[in-house]
Amino acid sequence: MRTLIVDENGTLSVKEIPKPVYGDNQALVKMISCGICNGTDAKLIHRTFKGIGASEYPLMLGHEGVGRVVETGKNVTGYKVGDIVLLPFVDADEAQYGKLGSAWGAYGEYGVVTDRYAGGEVPECACAQTIVPEDIDPVDAAMIVTLREVLSSIKRFGIRENNSVAVFGCGPVGLTFIRFMSILGVHPIIAFDIVDEKVNEALEKGADYAFNSKNCDPGEEIRKICREGVEFVLDAVGMLSLINQAMGFICDQGKICCYGIAPECHMDIDWTKAPYNWQLQFQQFPSKAEEGEANAQILSWIRSGIINLKDYISDYFDFEDILEAFERLEERKISKKGIIVYKNSLD
């Protein structure tokens, strides 16, 4: 099969490697689609992903995959040939791939899922390797991975109905947070971005207020709406500088919530402007068990028409054009979610 590889210099290439080996409790899937993550993928390319050093490169990329089961191990009962499954991965395998490591490897043409009902040790990722129902478009289903991560993170942060939240960053992830919080009755939602188009879209997705932070003082705007400050400030882009700024935005007992992997893992924290009681919480690696638990709610919202997967997707690229897709990502020319499509898997 072919797969996308990044080396320690950030150079991307498509190389042919053996198909992954699967065990008795696993199934082999042929990839249908894989979402481009402008958080994780970009940070791995720029070698700023926490915990992964230069010695671990080269790496197979991709973690938002959808595939069709083509073969099953002898103990597998939870999957059958033809099932569409979320989150297939390709693990590092020195016997197969030598020193080639894995950053989940879902851009490969094949992947592996583990049947959690087959017995034996079950990796956490198996809790989120769920079957996509037949009424859901299998290409667009790659977006469900992000949606589940966001919903489970809202719960992990403790954001609830009638809480006040200021969201910084209205890209695909930020807009998803805004939409879901709106559905859940969070109010008021105050959104900030530096692009007018994204500010307008935040309002369309359910923000009560939205501002271009280049043209205003966010603290002033927040306190016009919530005199004592907001209960939550949500960083939806991984911008460490926001932590110190947000100290002046939160009320007593307020929480600063950082979603995703920041490019650096250190900073000087100045809580001079913070209330006496406040919290800082990082959500850098969503729990796959919690993500699996969020699956039913996401499917219910899709089926009821509350959310439309295509609202979050701006670009589709054939696998043959995957290098061009990442060039566009680097140039910030993918406005929402970009999805890689493996056309020979749609037959």
Determine the minimum heavy-atom distance between D208 and I189, stating which atoms define it. OD2-N, 2.7 Å
Nearest heavy atoms of Q279 and Q253, plus distance in Å: NE2-O, 4.0 Å
Restricting to non-hydrogen atoms, name the atom on M1 and the atom on Y97 that form the minimum distance, rounded to 0.1 Å. CE-OH, 4.5 Å
Charged N to carboxylate O below 4.0 Å: is that the case for R328 and E324? no
For the residue pair D270 and T272, confirm or rule out a side-chain donor-acceptor distance under 3.5 Å. yes
Scan side-chain atoms only and decide if E291 and S152 contain a donor-acceptor pair under the 3.5 Å cut-off. no
Would F192 and V199 show up in the same hydrophobic cluster when neighbours are defined by side-chain heavy atoms closer than 4.5 Å? no
Over 12 non-hydrogen atoms of neighbours within 6.0 angstrom of CD in E197: no
SB check K99 E94 (cutoff 4.0 Å): yes
Looking at R223 and E228, is any side-chain nitrogen of the basic one under 4.0 Å from a carboxylate oxygen of the acidic one? no
Begin from the C-alpha positions of L151 and Q297 and carry the test side-chain contact (heavy atoms from CB on, under 4.5 Å) through to its verdict. CA-CA 9 Å; L151 181 57; Q297 181 65 79; 3.7 Å; yes
Could you grab the distance from atom CD1 of I250 to atom CD1 of I256, nearest 0.5 Å is fine? 4.0 Å
Under a 4.0 Å threshold between the charged nitrogen and the carboxylate oxygen, would K288 count as salt-bridged to E149? yes
Going through the checks in order, is the side-chain contact (heavy atoms from CB on, under 4.5 Å) test met by E290 and R156? CA-CA 9 Å; E290 292 175 358; R156 177 69 71 91; 2.8 Å; yes
Less than 4.0 Å between a side-chain N and a carboxylate O, is that true for K224 and E221? yes
Going by the rule side chain to side chain contact (heavy atoms under 4.5 Å, CB included), which residues pair with D83 if we only count those two or more places apart in sequence or in a different chain? V69, Y79, K80, V85, I131
Determine the minimum heavy-atom distance between F319 and I340, stating which atoms define it. CA-CG2, 3.7 Å
Please check if the number of heavy atoms outside I194 that lie under 6.0 Å from its CD1 is greater than 12. no
Measuring only between side-chain heavy atoms, which start at C-beta, is L86 closer than 4.5 Å to R148? yes
Between W104 and L44, which heavy-atom pair has the shortest distance, and what is it? CZ3-CD1, 4.2 Å
One should read off an interatomic distance between T77 OG1 and R116 CZ, to the nearest 0.5 angstrom, of 11.5 Å
Should D140 and Y316 be marked as a side-chain hydrogen bond (donor to acceptor under 3.5 Å, both in side chains) after you check the CA-CA gap, both sets of side-chain angles, and the distance that decides it? CA-CA 10 Å; D140 292 349; Y316 298 90; 2.7 Å; yes
Pairwise distance CG(L240) to CG(D235) - rounded to 0.5 angstrom: 7.5 Å
My understanding is that only residues two or more places apart in sequence, or in another chain, count here; which of them pass salt bridge (Lys or Arg N to Asp or Glu O under 4.0 Å) with D135? R303
Enter the distance from C257:SG to F232:CZ here, rounded to the nearest 0.5 Å. 6.0 Å
Kindly state whether the ring of F168 and the ring of Y259 have centres lying under 6.0 angstrom apart. no
Run the numbers on L87 and E64 for side-chain contact (heavy atoms from CB on, under 4.5 Å), then give the verdict. CA-CA 6 Å; L87 284 187; E64 298 181 359; 5.9 Å; no
Minimum heavy-atom separation for L4 to I322, with atom names? CD2-CD1, 3.8 Å
Let me confirm one number: the CG-CE distance from D137 to M143, rounded to the nearest 0.5 Å. 13.5 Å
Any chance the side chains of N277 and D252 put a donor and an acceptor closer than 3.5 Å? yes
